[in-house]
Amino acid sequence: MIDLTPLDVRKKRGDFRKVVRGYDAAAVDDFLETVAGRMEELVREQNALAARVDSMTDAIAAYRERERAMNEALVSAQQLREDVREQAAREADLVLREARAEADRIVGEARRQATAAAEALRRLQGQRVRFLRLFRTLVERQLAEIEAEEDRTAAIGRGDADESTTLSEGQGG
């Protein structure tokens with residue numbers, strides 16, 4: 001393609017030789033002026049389109065950069081979500097293990113206390129049995145003493161009556 005500017009076309013006016021039976025010079029000059037004007041319009045349009053292409057290219061580059069940044073952010077968010085999920089699972093597992101350990105400790109302590117309470121109850125029952133045995137022995141001794149005292153009192157009562165009769169007979173006779 002020939003590099004031709006509107007100025008080049010305008011400078012061509014009058015450069016053409018005049019020949020008999022040639023083209024009308026005024027018509028050629030008018031045509032060259034029309035061609036130059038149209039070329040100027042096309043050059044302006046081309047420059048505008050080139051500027052628009054540059055602008056759109058820049059916009060596309062910016063959009064691609066944003067898209068790349070958004071993709072990176074999305075990947076980061078997904079990774080963060082996965083990390084948070086893993087961390088939550090680890091923490092839940094730790095809490096569960098701690099809770100189980102605490103439950104085992106509490107159950108062990110309860111069993112120890114139940115064993116100690118059962119042992120204390122067994123000792124108390126043994127003490128109760130010994131106390132009741134000793135108390136029975138004491139009560140039986142007390143009853144035996146009461147019976148012995150009653151027998152003595154009864155014997156004294158019979159002996160006093162006999163003695164008083166014997167004394168009266170001995171005094172009188």
Side-chain angles (χ1 to χ4, degrees), residues 1-6 37-170:
M1 177 150 188
I2 302 173
D3 267 347
L4 191 61
T5 66
R38 181 67 180 126
M39 283 181 72
E40 284 176 347
E41 288 174 20
L42 290 174
V43 167
R44 279 193 298 272
E45 191 176 314
Q46 180 189 7
N47 289 340
L49 289 174
R52 190 168 173 204
V53 165
D54 288 344
S55 173
M56 287 184 173
T57 302
D58 291 344
I60 288 172
Y63 287 135
R64 284 188 178 145
E65 181 61 26
R66 286 182 194 156
E67 179 184 21
R68 185 192 59 75
M70 286 174 55
N71 284 337
E72 287 176 3
L74 180 61
V75 168
S76 294
Q78 289 171 340
Q79 182 64 41
L80 180 62
R81 180 192 67 200
E82 191 59 35
D83 291 348
V84 167
R85 189 177 288 160
E86 289 173 5
Q87 180 66 22
R90 284 193 300 271
E91 288 177 8
D93 186 48
L94 178 63
V95 167
L96 184 61
R97 280 185 288 167
E98 288 174 353
R100 284 184 179 155
E102 181 67 11
D104 289 345
R105 185 192 66 74
I106 289 170
V107 167
E109 180 65 20
R111 285 184 180 148
R112 186 192 63 73
Q113 288 177 356
T115 302
E119 180 62 27
L121 179 63
R122 188 188 58 74
R123 281 194 309 270
L124 283 173
Q125 286 174 338
Q127 288 175 353
R128 179 177 182 261
V129 168
R130 281 192 299 279
F131 170 76
L132 290 174
R133 213 178 288 142
L134 288 173
F135 189 67
R136 179 184 296 271
T137 304
L138 176 68
V139 168
E140 286 173 352
R141 265 194 232 138
Q142 291 296 320
L143 283 174
E145 285 180 25
I146 290 172
E147 288 174 2
E149 196 57 37
E150 285 175 344
D151 289 346
R152 259 186 264 144
T153 304
I156 290 175
R158 280 189 310 259
D160 280 342
D162 290 340
E163 262 182 50
S164 60
T165 321
T166 309
L167 284 176
S168 337
E169 287 176 12

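Side chains included, hydrogens not; waters and symmetry mates left out as well; all remaining heavy atoms used.
Partners of R112 according to the side chain to side chain donor-acceptor pair (under 3.5 Å) rule, which considers only residues two or more places apart in sequence or in another chain, are E109. The salt bridge (Lys or Arg N to Asp or Glu O under 4.0 Å) search around R105 returns E102, not counting sequence neighbours. A search for salt bridge (Lys or Arg N to Asp or Glu O under 4.0 Å) contacts involving R97 returns D93, not counting sequence neighbours. For R85, the salt bridge (Lys or Arg N to Asp or Glu O under 4.0 Å) partners two or more places apart in sequence, or in a different chain, are E82.
Taking the side chain as every heavy atom from C-beta outward, L49 and E45 approach each other to under 4.5 Å.
For residues 110-131, the pairs satisfying ring-ring contact (aromatic ring centres under 6.0 Å, His included) are F131-F135, with sequence neighbours left out. Residue pairs meeting the side-chain hydrogen bond (donor to acceptor under 3.5 Å, both in side chains) criterion with at least one member in residues 46-62, sequence neighbours excluded, do not occur. Listed by first then second residue, pairs satisfying ring-ring contact (aromatic ring centres under 6.0 Å, His included) with a partner in residues 84-126 number zero, not counting sequence neighbours. Each ring-ring contact (aromatic ring centres under 6.0 Å, His included) pair with one or both residues in residues 47-99, not counting sequence neighbours, would appear here, but there are none. Pairs passing the side-chain hydrogen bond (donor to acceptor under 3.5 Å, both in side chains) check and including a residue from residues 69-78, sequence neighbours excluded, read R68-E72. Pairs passing the salt bridge (Lys or Arg N to Asp or Glu O under 4.0 Å) check and including a residue from residues 119-132, sequence neighbours excluded, read E119-R122, E119-R123. Listed by first and then second residue, the ring-ring contact (aromatic ring centres under 6.0 Å, His included) pairs that reach into residues 72-115 come to none, sequence neighbours excluded.
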Start with the C-alpha gap between M56 and V53, add the side-chain angles, then the distance that decides, and say whether side chain to side chain contact (heavy atoms under 4.5 Å, CB included) holds.
CA-CA 5 Å; M56 287 184 173; V53 165; 5.8 Å; no
Yes or no on side chain to side chain contact (heavy atoms under 4.5 Å, CB included) for R64 and I60, after CA distance, side-chain angles and deciding distance?
CA-CA 6 Å; R64 284 188 178 145; I60 288 172; 3.6 Å; yes
Expected list for residues 139-155: side-chain donor-acceptor pairs under 3.5 angstrom, two or more places apart:
| unit_1 | atom_1 | unit_2 | atom_2 | d |
| --- | --- | --- | --- | --- |
| E149 | OE1 | R152 | NH1 | 2.8 |
| T153 | OG1 | E149 | O | 2.7 |

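Counting non-hydrogen atoms of other residues, nucleotides and ligands closer than 6.0 Å to CZ of R90 gives a total above 12.
Q87 and D83 share no side-chain donor-acceptor pair at under 3.5 Å.
To the nearest 0.5 Å, atoms CD (Q79) and CZ (R81) are separated by 10.0 Å.
Remark: E41 does not engage R44 in a salt bridge, criterion side-chain N to carboxylate O under 4.0 Å.
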